[in-house]
Structures are given as structure tokens and as C-alpha cells.
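First the proteins, then the strands, lettered A, B, ... as listed; each starts at 1.
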Amino acid sequence: MKRNIRDTFEPLTSGVIKNNATFRLVLGTCPTLAVTTAALNGLYMGLATTFVLVCSNAIISLLRKIIPRKVRIPAYILVIATFSTIVEMVMRKFLPDLYEVMGLFIALIVVNCILLARAESFSSLNPLLPSVMDGLGIGLGFTMSLTLLGLVREFFGAGSFFGLTVGFMQNLKMTVFILPAGGFMVYGLMMVLYNLVVGELEKKIEAYKNRKYIALTNPLLAEQEEAEQARRRGLFGGNK
Amino acid sequence: MLEIILPVVILTGIAIVFAILIAVCSVKFAVKTDEKIEEIEMLLSGANCGACGYAGCADFAKALVEGKAEISSCNATSKDNKMKIMGIIGGGEVGEETIVVCACCGGNSCQDKYDYQGYGDCASVELLAGGRKACYLGCIGMSRCVNLCPSHAIDIVKGVAIINQKKCTQCGVCILQCPKKIMKRIPATAKYYIACSSLEKGKDVRAVCKRGCIGCGLCAKNCPSEAIVIKNNLPVIDYSKCTNCGLCASKCPAKCILEVKKD
Amino acid sequence: MPYVMLLIINAVFVNNFVLSRFLGICPFLGVSRKTDTALGMGFAVIFVMGVASVITYALNLALVAAGIEYLRTIAFILVIACLIQLVEIFVKKFSPSLYSALGVYLPLITTNCAVLGVAIMNVTELATTNVLYSFINGVASGVGFTIAILILAGIREKMEVADIPERFKGFPITLTAASLIAMAFAAFSGLTF
Amino acid sequence: MRKIKIDKESIRLIVVLAVIALISSLLLAVINMFTQVDEAQKLRDAIGEAYSSPLTDRVFDLSNYENLEKTEVSDMFEAEDGAIIILSKSTNCYNASKGVQLLVIIKEDKIIDIISYAHSETPGLGTNALTDSYLNQYCVYSVYDFGYVEGRLTDTTPVGKSVPAYTGATKTSNGVKDAVTAAARAYIKLVKEA
């Protein structure tokens, strides 16, 4: 079926909010908990993962017709591992100071479940451009949620904000947030918050879309709706 | 040169050894899955809605191949896919395409018998003297169908359920779950439907609900192709004769013959 | 013999793979809905970790001899992926019920950081000259993983009937439970060897 | 074993996996060739940065030097003004893949500077014990303040002189202490007694 423009870009937008890797699909939780001891680490990890994810999604979607079903996992893993090793080597040689900071994370990317999950569920079934878009969307969503988690854990755990120590937090800081136990807890609570905010938002949008559609099908209801709107506008002094 | 050949030999060697192992094992321990099942599963809609009475499309596909199920019991799959499936299992009839509509447009314009303050949705209200609505067959509007619809196609507007045909996959979960049984199937080609299912006389209906059908029979008289027949105070459209002219909807004083829009 | 005991205690309690090293969380959260699937998953992971430890130990000797250290990650993960594929074929053949229960999570073991983590840890930190030690360490880590996942599965089954606030249902409550278990396991971090 | 029928499917399966492995290993080998980081040069640059005076070409024979448990002294240089610069690595820390590697600069038996050269500790947790402010606490000690029983590293540093571990990063602090003790012992063994 012909993919119109909206379809190709849809994975990009849905990847960030609708099926955000960390909070909605609950994938890539190993690095999420291990790395988000500081917001900057979360950011670096997210960006590194996004890059490798986009490249591996692209290659896997190109090879999708060639790789037989039975050996698909080892093949995908080979592609992913090759990419992350290449990124590590190139960075070690040409960007030594960045490598000093991010070296540890690049090695962690290979074991990140997101890459294989997206390869298996999306890019092995779709053509090149949507897969790249999906990689980008999921990657950016992952970066956003990782930085968010890092921010919270760093603020409460180490009393600093993106590395700069925050004065009043110094005697309040609880290192439990940096430890694994705190990691799980913050991840759980943030997920509740996320579902609360995004869930309500989506319900409103869904209801609004249905409402707009229904006004078309049922003239009488549409009139009642307009009367309702006018009454409410009259009640609140009506904006311009 | 050696640093290039050595890693290549080692890694490719590992890959070949394991690939042979996997190939041998997958042949020796092949589980005899009938590939017809996979083929059919691909063709089915994959909505896994369960309206066909099976746990999901996979179970339904297995039942189809074993001849225990009929393809017509699945409404979510498109017509041409059904034809292909019939080609594979050779047999069974397709059953005509249908869409689902809510046969009530009362909602807030229908009075309540009592004010329900408790938990739950329509099913729990239904236990209390047949629901809070004065009209016995009126939509209670506590959004049981909204919560259970797998594709979020239903919305409660003004106290009555409205189905968004663009999103609806006709899986039939709402038909099963609605305690009042007022969700009904009409042929996909139909454009008009009677949005009321009350069998009371006009006087009683109007006393309780401003939008209900009073059984005046105007629609039956004005229908050019005599497709509408009044049975115990409620018009029934015979869709084989109906030409979708829309005259009945315009003539209806209570405006409860609504048009189906699929844009 | 005492070194082996210390090794086991260290792998199961002190540096438990899931609760203190943060490896293998995806299947830990995903498969722990029921204790029997969790047990099935645990045994699959123990088997894979044990076999992977031995094979990667031998592989590492070859890599070090050839002097190509950089290939270590990719070679290890290739071996583990193929092992998982074999496990998947066996499980599909011999216990379809377990296969349908594990379903999507079986391939996820491949990217399971725990399995690769054990393989790399055996080679770097343990650096033993004896393949038996790395095998024991692999199996002990698998047991540690299974214990953690069983505890969580037990709690999650209780939580099915508990009255949980609407927003907490599903993963959030599981994560909070995991956080409490991690706190309990943090008590072991004192006894190092 | 009954004859496995070699069907096209399994052949294709083997060929595809082998080809992908071939290409990726070829790619990695070639890229590795071009991105070979010259370790020695990197070390010299780090020393150049850390310590002003140029290095003499005196070579220390570390081959038969017997390292303490879980530590390794990999390089030793001598600067023109007599300072000795030692690169010592300790794997008694949280993540031993790269361990804790410190550049310890000793002049006239006193430790004057310690720089963290490489580590693989958890960022934000372990790295607190590798900051310059923490490492400088060691700079008040002389080489003889670090006790060790022959061949076995023990915490016998005289009371009052030991540096407290950084809370929340105890394992990394132990790594730092072992690395410094190893450097001190190497200094005594190879410079004083040689």
C-alpha cells in the first residue's frame, strides 16, 4: 500500500510520546537504571543510543528481505554490535575527550534491549525511511526520559543539577536515590506521573476527535452542542 | 595483513559453526506447524478482539484449518482477505459485510427513574431495576462499551453512545457487552438507521423521552420503495429494498432516523 | 573449595546481577507475572549463562592469543545470540506451554545484559585461569537472577489480588516492589571477599 | 544419525549469517587499523600535561618486579628534576574492566601529585573518589607511610595517616588506596633499594 507522507513521519512523533521506550514500552531498562545517576550521563547515553539505533534500524530494514526468519536474532545482533563497536573505535581515536566521558556508555549500548526490540518489531517489517524515523523517534523519546530520570535522581541523590551543586540540597541529599533501590523507585514513580499526564492528554484528544466526527453525523446533536457552547460563552462573558 | 585475516577468520568461523548447528537443530527438531495456519493468520485482521469466540487470531486460524470455525464469524477481516482465506481452506461462505450502530439517540433527553450514585458501569446499573433510564431499552450512558472497545471508536455524547465508523473494526465486542443489547449490525452499504428500539406506544415513549420513536408510521408511508414496515410501534428497515434516498430521515418528526457517515 | 563458596555467595547475594548490578532488568520485569514462567525463564537463563561462560572463556583465550581484544564484545554476543536461538528451538520442541508463556521474552534474553555481563565479567574481573570457576560464576549468577525473579513473581502474584490505586497498576507497582527487594539485597553489600 | 536433508533453506541460513559476520568483522578489522590509539604516546602526553619538567630517557626494569595482589605497576619514568612518575593500576574497585589507573608523582620520597589517568567506575557514584580534591589528600604523605606485608596488600598504614574513604564510593576509594600503595612500594623497591 502506498505510504503517504503522514505515515512515514508518524513513527517519529509516536516514538517520542505515545510509545515512549522507557515509560510506555518498558524497554532498555538496564541502561536506564544503570546510567541515570546524573542527568548529563542520561543525555549522553540517550544520544549515543539514538545514533546507533538509527543506523542499525536503517541497515536492518535494508536487509530485511535477505535475512531468513530462523537466524534473524543473531543477524540483527551482529549489525547492532558492529555499529556500536565502530562508534566506540571512531570516538576513541578522533574525539578522545568525549570518549573519556561516554566511553563506558557505548559499551552498554550493545546490551540495550531497545535496539533489538525495535529491529524485531518495526524495522524488519518496514521500508527504510519509516524505520529511520522510528529509530529517531524512539531514540529521542529515550533520551528525553533518560535525562528526566537522571535529573530527578541527581537532584535528590547528589544534590546537584546537571553537575552544578545546588546549595540548599547539600544537607538534604539522600544517596539512596543513586543506589539501585532508589533507581527502581524513581523509575516507578516517574512512570506513574508520565501515565497520568500523557494519559489524560490522550483521552482529551481522543474525545475531541470523536466529538468533531460526531457533530458531522448527527445534525441535531451538533445544534445542541452549539447552543451549549453559546450558553457557556454567554456565561463567562465570551472571549473575542 | 594478518590483523585483518585473523579476526575475519575467527568471527566468520564462529558464525558458520553456530549457523550449521542452528540449521541442523531447526530441521531435526522442527515442530510440525501447519504453514496454512500461519498463512491464514497473516490474512486475518489481527485485532485479536475475540468476537469469534476464540482467544485470538492465532486460535481462530487453527480452528478454521481444523474446520471447527466459520470464516463468517469474524467481522473484523476485510472481504477480499476472507475470499483468500476461503481459497486456502476451500469452503465456507463469506457472510456479508456489516457495520455496527447504536439503536438509541435518547441519552440526556430521556428521563432517569432514579439517580444512580454507585460504582461501576452500565452492567452494574442494569442490575438495579433495569437501569436508571425511564425507557426500558434506552442507552444508560455509563460508557461500558467505551471502556471495552479495543479501538476506542465509541464515545458517550449527551448520555448516548455514538460509534465512530472510521475507527470501528466491527469486532462486535460492544454488541456482546452492552447490557441493553441496543448495539445492532446493519449492512455496510446502509446509510440510514433507526436510532431507537423502544416498542412502547407513542404516548408512553414521548412521556419518557423527547427523542424516541412514537411509531407514527410517517417513514413507512413516505418510503418510495416500501422498505420500512412498522412492527409493534417500531419501524424496521428492510435493507435489501432500501435505496438510501433519505426521505424517511427528513420526514421523521422525532428526528430519530440518523445517517451513517464514514468519511 | 572456600574460594568457590565465596564466589557463589558473591554472585548470588552480594553482586546479584539484577538487584545490584542492574543487568537483565527487561526480562526481570517482563516475565515475572507468574512464578512458573519466572522459573522457566530462570532455568533458561541459568543454562545459557553456564554454557555461555564456558564457551566465551575458551573464545577469549583465542581472542587474546590473536591479540584482537576489540572483537570481544561482538564475538561474545554472537555466541550468546546463537545459543539463545538453539534454546528457543529446544523449548519450542519439548515444552510448547513454556514457549508460549515466554514467547516474546525469549529473544530478549539475547540482549539480556546479564548474560553478556557474566561473560565479560568472567573474563575481566574474575580473570581466573580455571574454566571451572567461570562456569560456577555463570551458574551462580543465573541462580541469583532466578532467585530475584522468583521473589518478584511471588510478590506480583499477591499484588494481582491486592487493591492497587488505578495509576499504579502494571509496571509502576512492580518497580516499587523491585525497589524494596533491592533495598533488602543492599544489606548483603557489606560482606565483600 | 539419520541423514539430514540439506534443503535450500538451511544453506541460505548458513550463508547469510556467515556473510554478515564476514562483512562486519572485515569492517571492524579495517577500522581498527586506522583507529589504533598509540597508548605510549597518550601516556606521554598525559604526563607532559601533569608534570612540567621533561622526562629523561632512564628506563626502569619492571619485568621482574613482583606486583602486589590485584595491582599492577605498568610504567615508570624519571623527570629531569629527579621526580619519579609511576602509572599504577588497581582492580580492587567496583568495575575492574579498566580498573583505577593513577599517575603518581613522587619527589624526594614525598608524593607531590596524583592524577586519575583512566577508570571504569560508575559515573556520578564512583567518580566522586577520583576527583582531584579527593586525590590531593594523599599528597601530604611520604612514600614510607604506606604499609604492606610482603606480597599481600594490607591496610597497615599507620593510624591517623590513612585517607578516609569517600562515602558512597567506598570500593573506588579502596582502589585508589591500593594503587597509591603499589606505587609507593614500587618507588621504594626500584628507586631507593635499586
Query raised in the report: When you look at CZ of F51(A), are more than 12 heavy atoms from neighbouring residues, nucleotides or ligands closer to it than 6.0 Å?
Result: no

Requested in this report: Measure the spacing between CE of M89(A) and CG of L27(D) and express it to the nearest 0.5 Å.
Outcome: 9.0 Å

**Report entry** T85(A) side, atom OG1; L28(D) side, atom CG - distance, nearest 0.5 Å
**Finding:** 5.5 Å

Requested in this report: Drop me the distance from S25(D)'s OG to L78(A)'s CG, to the nearest 0.5 angstrom.
Outcome: 8.5 Å

Requested in this report: Indicate yes or no: at least one non-hydrogen side-chain atom of I20(D) is less than 4.5 angstrom from one of I67(A).
Outcome: yes

Requested in this report: Considering non-hydrogen atoms only, spot the tightest contact between A75(A) and L17(D) and give its length.
Outcome: N-CD1, 3.9 Å

Query - Residue pair K65(A) / R12(D): nearest heavy atoms and the distance that separates them - result: O-NH2, 3.5 Å

Query - Contacting moiety of L13(D), where chain A heavy atoms sit under 4.5 Å - result: both

Query raised in the report: Quick one: CG on N32(D) to CZ on R92(A), what's the gap to the nearest 0.5 Å?
Result: 6.0 Å

Report summary line: When the 4.5 angstrom heavy-atom criterion is applied to F94(A) and chain D, the contacting part is side chain

